[in-house]
Amino acid sequence: MDPLTQSPCTCFRLRRAARRLSQIYDAHLAPAGLSLNAYSILRRAPTPRQLGDLAEALGMDRTTLTRNLKPLLSAGWLEQRRGDDARQRLIVITAAGKACLRRARPLWQQAQHDVETIFGPTPTARLNALLDQLDHALPTGADA
């Protein structure tokens, strides 16, 4: 490991690895016109969801999610509606968004396969379990 990138900081190490992983997924998803971030948002909006619920599912704050929704709304893959309460903002995937997801799914699967090939299926499964454990142990934005 390069001494300039060594760090005792868990967050630094996790973010560096996440950036490298994101590059793999982004490259695979590019033919569908999606980034991993956009794909993740579309995947978590299969039914109408309140903006806050979607943000929580993604581990994002509402402001970041709102910024990330703009290109998906502009592309016509998502739309925003009012809920029963006029203050509610619902995010709804459109038919075009569902079609985009269908095109992107095999691209995502290939990226996932490539990552498991590079890292190994067993270490990948262990890493996913550890990340889930870490995610559950950390306070949410409201608790922090």
Side-chain angles (χ1 to χ4, degrees), residues 1-81 83 87-144:
M1 182 184 288
D2 180 350
L4 294 177
T5 60
Q6 287 180 343
S7 174
C9 179
T10 302
C11 189
F12 171 80
R13 289 168 177 249
L14 187 59
R15 290 182 68 142
R16 182 180 57 212
R19 283 189 288 273
R20 288 179 161 171
L21 275 172
S22 292
Q23 290 169 356
I24 292 170
Y25 285 90
D26 285 345
H28 279 79
L29 290 166
L34 293 174
S35 65
L36 176 60
N37 194 41
Y39 179 79
S40 295
I41 292 169
L42 289 175
R43 288 268 301 135
R44 279 147 192 89
T47 57
R49 294 187 81 164
Q50 289 185 36
L51 185 67
D53 292 342
L54 183 57
E56 185 177 323
L58 291 160
M60 288 184 184
D61 62 64
R62 289 172 60 113
T63 304
T64 301
L65 177 58
T66 298
R67 184 175 55 249
N68 283 283
L69 287 174
K70 287 179 183 176
L72 300 174
L73 293 164
S74 294
W77 294 329
L78 292 175
E79 61 185 28
Q80 200 167 247
R81 296 184 189 156
R87 295 169 295 173
Q88 277 185 338
R89 288 174 50 193
L90 296 177
I91 303 303
V92 181
I93 192 166
T94 64
K98 290 177 183 177
C100 183
L101 268 179
R102 280 192 300 277
R103 288 189 308 274
R105 177 86 174 154
L107 302 172
W108 175 87
Q109 288 171 326
Q110 185 60 54
Q112 184 71 19
H113 176 267
D114 288 357
V115 168
E116 288 182 10
T117 299
I118 292 165
F119 194 50
T122 301
T124 300
R126 279 196 324 255
L127 176 61
N128 288 339
L130 285 170
L131 290 171
D132 288 344
Q133 184 180 353
L134 176 61
D135 187 49
H136 292 292
L138 294 172
T140 63
D143 298 335

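The two residues Ser7 and Arg13 make their nearest non-hydrogen contact at O-NE, 2.5 Å. The minimum heavy-atom distance linking Leu73 with Glu79 is given by the pair CD2-CA, 3.6 Å. Heavy atoms only, all atoms of each residue included: Ala57 and Arg49 are closest at CB-NH2, 3.6 Å. The two residues Tyr39 and Leu101 have their closest heavy-atom pair at CE1-CD2, 3.6 Å. In terms of heavy atoms, Gly76 sits closest to Thr94 at O-OG1, 2.5 Å. For the pair Ile93 and Gly97, the tightest heavy-atom approach, listed with the atom from each and the gap, is CD1-C, 3.7 Å.
Remark: side-chain polar atoms of Arg44 are paired, donor with acceptor, to backbone N or O of Ser40 under 3.5 angstrom.
To the nearest 0.5 Å, atoms CH2 (Trp108) and NE2 (His113) are separated by 12.0 Å. Once rounded to the nearest 0.5 Å, the distance linking CG of Leu42 with CD1 of Ile91 reads 11.0 Å. With rounding to the nearest 0.5 Å, the separation of CG in Leu21 from CZ in Arg16 is 12.0 Å. Between atom CZ of residue Arg19 and atom CD1 of residue Ile24 there is a gap of 14.0 Å, rounded to the nearest 0.5 Å. One finds the OG1 atom of Thr122 at 9.5 Å from the CD atom of Glu116 (value rounded to the nearest 0.5 Å). From Gln88, atom CD reaches atom CG of Asp53 across 9.0 Å, with rounding to the nearest 0.5 Å.
Residues Val92 and Gln80 are not in side-chain contact: their nearest non-hydrogen atoms beyond the backbone lie 4.5 Å or more apart. Residues Leu58 and Thr64 are not in side-chain contact: their nearest non-hydrogen atoms beyond the backbone lie 4.5 Å or more apart. The shortest distance between side-chain heavy atoms of Leu78 and Ile41 falls below 4.5 Å.
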Quick one, Arg105 with Arg43, criterion side-chain contact (heavy atoms from CB on, under 4.5 Å). Give me CA distance, side-chain angles, the key distance, then yes/no.
CA-CA 10 Å; Arg105 177 86 174 154; Arg43 288 268 301 135; 3.8 Å; yes
Checking Gln50 against Leu90 for the side-chain contact (heavy atoms from CB on, under 4.5 Å) test, could you report, in this order, the C-alpha distance in whole Å, the side-chain angles of both residues, the deciding distance, and whether it holds?
CA-CA 4 Å; Gln50 289 185 36; Leu90 296 177; 3.7 Å; yes
Working for side-chain contact (heavy atoms from CB on, under 4.5 Å), residues Leu51 and Leu69:
CA-CA 10 Å; Leu51 185 67; Leu69 287 174; 3.5 Å; yes
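In this structure Pro121 satisfies the side-chain contact (heavy atoms from CB on, under 4.5 Å) test with no other residue, sequence neighbours excluded. With sequence neighbours excluded, no residue forms a side-chain contact (heavy atoms from CB on, under 4.5 Å) with Arg20.
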N/O donor-acceptor pairs under 3.5 Å from side chains in residues 29-36, not counting sequence neighbours:
{"from": "Ser35", "atom 1": "OG", "to": "Asn37", "atom 2": "N", "distance (Å)": "3.4"}
{"from": "Ser35", "atom 1": "OG", "to": "Ala38", "atom 2": "N", "distance (Å)": "3.1"}

